[in-house]
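Here is the structure we will look at.
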Amino acid sequence: MPVYDPQHFEKKWQAAWEKAGLFQGLADAQGDEGVWDILPADKTSSVDARDILYLLFAFAYPSGSGLHVGHVESKTALDILARYYRMNGKRVFFPVGWDAFGLPAENYAIKTGVHPADTTRSAINTFREQIKRIGISYDWQTEIATSHEEYYRWTQWLFLELYKKGLAYQGQAMVNWCPSCQTVLANEQVVDGVCERCGHEVKQKQMKQWFFKITEYKDELIAGLDQVDWPRATKDQQLHWIGKSKGATVDFNVLSEISDNNSNINIRCFTTRIDTIFGVTFLAISPEMFTELGLHNLLQKNKLAEVDAYIEKAYSKTEEQRKIGEKNKTGVDTGLKVINPVSGKKVPVYVADYVLAGYGTGAVMGVPAHDARDLQFARKFSLPVIPVVKRSDADNPNSQENISAHESAERITTEKANGTNNEKASEIANKINVAGRENSDDDNLIHSEHGVLINSGVYDGLTSAEAMQKIPHDFDEIEIATTYKLRDWLISRQRYWGAPIPIVYDPSGKAHPIKDEHLPWVLPTDVDFKPTGESPLKSSQELIERTERLYGKGWRPEFDTMDTFVDSSWYYLRYCDARNREKFASPERLQQWLPVDFYMIGPEHVVLHLLYSRFFTKFLRDQGYLNFDEPFIKMRHQGMILGPDGKKMSKSKGNVINPDEIIAKFGADTLRLYEMFMGPIDADKPWDVRAVAGIYRFLSRVYDLLLTSAKSTSHVNSREKKKQVQQKLHQTIRKVSGDIPALKFNTAIAAMMEFVNLWENSEKFANKSDEKVTAKPGTKTDVRSDQNTDQSLLSQADMIMFIKILAPFAPFLAEELYQQLAVPAANHSEFPGEGEFSSIHLQRWPIWDKRLAELEQLIIPVQVNGKLRDHLLVNRDSINDEETVLEEAKALPKVTKWLVGKQLIKHIYLPGKILNLVVK
RNA sequence: GCCGAGGUGGCGGAACCGGUAGACGCGUCAGACUUAAAAUCUGAUGGUGGCAACACUGUAAGGGUUCGAGUCCCUUCCUCGGCACCA
């Protein structure tokens, strides 16, 4: 009896595949060489775009701790797709690379003095071996690392292309500064006011920084989402990040303090609710905008000190302190007044830091009756609250003018209760009142929905929508406007381990691009890593000397490096021509392989990486380098693998599963299969230590079953059994063939298990058939002996079909079984390109026999009044004979029982599906 | 607060378009083998009642549509992910 011992053969086949170069150089195959010889002539002769498939895995940061089970999951999922599509005759491009620049290696260098290049190199080596060990069929010839000169040379080239078009620019900016990491952080890297990486509180600092003008593409970044097949949630998050909102701007003229006449300064406010303009009782302006407009000069002497102090304080506030302000708003009355151009009313101007400088116009009109934040502010400064929009869905006969916020709120609650016109109305009203009493929070008092205008002069009675159309039309001071949350992308980093920004400054401080012949602008090695608050590159003598040598005395280099998101947002382009020294990729290769057909990526990259990648793609398209709009046609996320305790794996919690240990114990196939079996690919799933053994058991049974039944000499007599097993095989092929493209790996594996269970049981049954066999209930068995010459239940050809569908999931075991069962007999000349090695992974995917896969007899569930009572066995060719089916069903004893004394009103029959008898 | 995903046995999860709820795996229980254990194999396994046949009940809670609802609609609750003073 052979024993399943993955350690014995997995490494052997790994080496054999590598030696044969089974999955290598596919990007180089032009349709007339290499593995493509195994494809039918019509596939290889023409390069049909539909036959090309670019599968992409979000390349990994090679961390020191090695491959994680989460990596295994997404890599295996894509590997299954790659192998499946290859076996189906597609030209699959499945590249690999490393997001090798980044902070961990640098932080490690600060701690230990080991150069990041060394750390990274050894980490990559570890990862590479681990990935090979789990049998991922990457094309290693395309391997890239973002820290390699030949890669970042093109990252720098991309920067310069953007620079030439004015899309890379330098600007003074208040930046998020992490005092611990000693670097600038993008807004995206600040989470809850603290540094995403180290958790330290982030401070504000004014610095000169490089930006990419991603906002240039904001509308296209929205529109492009319609072209791609991505999860809805991802699209929504991108849209939310771009944050387009339509509204209007209103210019409020500032009255001069002395004369009370119009000044020449306007405060422009952005609002999405111009219909509420009659409700404006104050203006709030951000400290930054206050300064920018020079309003300081209009202040009266007695206000100067107070206002300046407030602004000073606001500037120094950290994110954390501003968050506290969310609940307790601050501001200061400037003493200035403005005129509401629509109502003509005079309202005060406040400086308040709840108004964001970076959004809209940096100033807002305060409408406390219809905005929760404005209401909070109005409460604090005892400003009036004027409701100007009432709910339109309930009748309100007693419309009052100038009611207080409290009164209006009360009315809202009663309307709410009256509106829900059922028995529960009083209950609901009660609830609301209780809530109102217990929770005096102002949120309960405002209503921010659209409705019908009141207290709005000639506009009374218009709906919000109508007013939003009409008001801007009637006033020159009001313009329809759109604003976005998306900011330009700050890419400067005061770090060492990244691509140097390819810019030099002349003695006057003017920026100049690095000349093309000086690319790659190499990252120097003679640097001091210790954080000083300045870029580590400043400590490089070599870089400074290089700059002066190449550009002249007094020239100095840019010392900042680029955000690593720049590296990782164009790598999928480089893959297709990874060794090109003339271009970032040749136009032919780009045209042939891109865009990416399927991208598998962690949900953590939903916003930034994808947005940046799309931006680069659109930019390069506009420069004529690409002929497509969107880089990733179809994209799905893998879920997170949680620890056995159901929590996120982390060293500190001690719940980390090490893939190496699983491989050592059970082999790589078990690891792969288990991770695919855990559940839907996009769900978060906890690791179950014991369930892994179940997969190992399954693979052991497959191994035993195939080898023993192939070599079995006992005769099998039951034609019935044979047919059953063969039928199940074809159903399984059908199921697996459908599940793989749908990424339903868990159910594909379950189907294969079902097949193996049936086959195994039948095999046992067959072996025992000499003895007295009692038929199991439910299976309509007939133990009549048939004359049969086959030795086992399944022919060798059938067995190989099963091995083929198993191959993408458990490539090592499949190869081992295939070699043992098929190769001695296989005709090698069938695969001229492959010489001696005929691998299972070069075989064609099996085609299921439609007739065989279909059941001859169907079991129709029979319901009485919707409740299942019995089943009826119907021959496939008579399922449409409704009369007979009905009569036979009525005759079933368990059904008859429920029909006695009742009258059959009607029946619903779905041929082959269900029969429901409705009785009274 | 807003946006999104979700809630099914002891656990991970199945269930195509509204048509047999719980596939498959784990665990548990019982049995076989064994001096014993492990491993392996066989059987049972949502809950309640019943010796049994069988019946009732059951997909977060409540209501609705339908011959029929895990699936569709309404209301409520909970969990997870993201965003958050975005005017």
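Chain letters run A, B, ... following the sequence lines, proteins first, then strands; residues in each count from 1. Just so it is clear, the structure is predicted and the values come from calculations on it, not from any experiment.
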Next on the checklist: If you assign Ala751(A) and Lys897(A) each to the RNA chain B nucleotide with the nearest heavy atom, which residue ends up on the more 5' nucleotide?
Outcome noted: Ala751(A)

Checklist entry - Just checking Ala750(A): base, sugar-phosphate only, or nothing, at a heavy-atom cut-off of under 4.0 Å? => result base

Checklist entry - At under 4.0 Å between heavy atoms, what does Asp688(A) touch on the DNA or RNA strands: base, sugar-phosphate, or nothing? => result sugar-phosphate

Checklist entry - Would you find more than 12 non-hydrogen atoms of other residues, nucleotides or ligands less than 6.0 Å from Lys647(A) atom NZ? => result no

Item to check | Nearest-Å distance once atom P is located in both rA53(B) and rU45(B) | outcome: 11 Å

Next on the checklist: Taking donor-acceptor contacts at under 3.5 Å, does the side chain of Lys894(A) reach the base of rC54(B)?
Outcome noted: no

Checklist entry - rG82(B) and rG13(B): how far apart are their C1' atoms, nearest whole angstrom? => result 25 Å

Next on the checklist: Could you tell me how far rA23(B) sits from rU8(B) if I compare only their C1' atoms? Round to whole Å.
Outcome noted: 13 Å

Checklist entry - Under 4.0 Å: is that the gap between some side-chain N or O of Arg869(A) and OP1 or OP2 of rC56(B)? => result yes

Next on the checklist: Heavy atoms only, 4.0 Å cut-off, all strands: where does Asp682(A) land among base, sugar-phosphate and nothing?
Outcome noted: nothing

Item to check | Contact nearer the 5' end of RNA chain B, comparing Tyr484(A) with Leu910(A) | outcome: Leu910(A)

Checklist entry - Does Trp898(A) put a side-chain nitrogen or oxygen below 4.0 Å from OP1 or OP2 of rA55(B)? => result yes

Next on the checklist: Suppose we call two aromatic rings close when their centres sit under 6.0 Å apart. Are Tyr696(A) and Tyr674(A) close by that rule?
Outcome noted: no

Next on the checklist: Aromatic contact between Phe745(A) and Phe677(A), with the criterion being ring centroids under 6.0 Å apart: yes or no?
Outcome noted: no

Next on the checklist: Taking pairing as Watson-Crick or G-U wobble with both contacts under 3.5 Å, can you name the mate of rG10(B), or confirm there isn't one?
Outcome noted: rC26(B)

